[in-house]
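Atoms within each ligand, like the ligands themselves, are counted from 1 in listed order.
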Amino acid sequence: MSEVVEIEIVADQVPAYALPGDAGADLRSNETVTVGPGERAVIGTGVSFVMPEGVAAFVMPRSGLAAKHGITVLNAPGTVDSGYRGEVKVTLLNTDRDAAFEVRPGDRIAQVVFMRVARAAFTSVDALPESVRGAGGFGSTGFGAQSREPGTPGA
Ligand SMILES: O=c1ccn([C@H]2C[C@H](O)[C@@H](COP(=O)(O)OP(=O)(O)OP(=O)(O)O)O2)c(=O)[nH]1
Ligand SMILES: [Mg+2]
């Protein structure tokens, strides 16, 4: 079973996990909004909560809305800091070129995932230790079925 974190919440509609084993609890809109084609909207959920320190919440898109309607969370994953006491909001983007997307109160517009997060203690250094990857990135291992060592010709 997954780790359970205790969350104190103020909400008209408490986020709920649709099925056992789900990682994301669905967030519901508390407003009526029309998101036009290519437009975005910041939508309230009426939810605010307190997380234990060391835990953060991430606002994620729902795959069904993405696949069926072209709806995503613009800043996905939206980061909710443990010190945040305001209303969790969802910035939806309608990527559909033609159809407006209608949101009504109670509609499940996104999902929230809770995770333990690390905070960095930064130490400035002059050079970094070597690694196999080095500075290779952005497709350096190739795109086809055959994987290649970073930096080899044709990769
Ligand atoms: O999808 C999101 C993302 C963020 N937030 C809230 C909680 C988060 O703690 C706060 C700040 O978010 P973020 O750090 O991503 O935004 P910022 O543009 O850096 O604002 P700030 O200067 O307030 O940190 O806004 C949401 O409600 N929904
Ligand atoms: Mg910030």
If you have a sec, work out which protein heavy atom is nearest [atom] and how many Å separate them, to one decimal?
atom	answer
atom 12 (O) of ligand 1	Thr79 O, 3.7 Å
atom 1 (O) of ligand 1	Asn75 ND2, 3.1 Å
atom 6 (C) of ligand 1	Tyr84 CZ, 3.7 Å
atom 24 (O) of ligand 1	Asp81 OD2, 4.9 Å
atom 28 (N) of ligand 1	Lys89 O, 2.8 Å

Do protein heavy atoms approach [atom] to less than 4.0 Å?
atom	answer
atom 16 (O) of ligand 1	no
atom 22 (O) of ligand 1	no
atom 9 (O) of ligand 1	yes

Val73, portion touching ligand 1 at heavy-atom distance under 4.0 Å: neither

Pair Glu87, Asn30: side-chain N/O donor-acceptor within cut-off below 3.5 Å: yes

Residue pair Thr34 / Glu102, side-chain donor-acceptor N/O under 3.5 Å: yes

Identify the two heavy atoms, one from [X] and one from [Y], that lie closest to each other, and give their separation to 0.1 Å.
X	Y	answer
Val59	Ala110	CG1-CB, 4.0 Å
Ser48	Gly86	CB-O, 3.1 Å
Tyr17	Ala23	CE2-O, 3.6 Å
Pro15	Val112	CB-CG1, 4.4 Å

Electrostatic pair Arg116-Glu3, nearest N-O below 4.0 angstrom: yes

Any Thr91 heavy atom less than 4.0 Å from ligand 1: no

Pair Arg133-Thr141, side-chain contact (heavy atoms from CB on, under 4.5 Å): steps then yes or no: CA-CA 9 Å; Arg133 174 170 283 277; Thr141 65; 3.9 Å; yes

Proximal ligand 1 atoms for Glu87, defined as those under 4.0 Å from one of its heavy atoms: 27 (O)

Where ligand 1 meets Val88 - atom numbers and elements under 4.0 angstrom, heavy-atom basis: 27 (O)

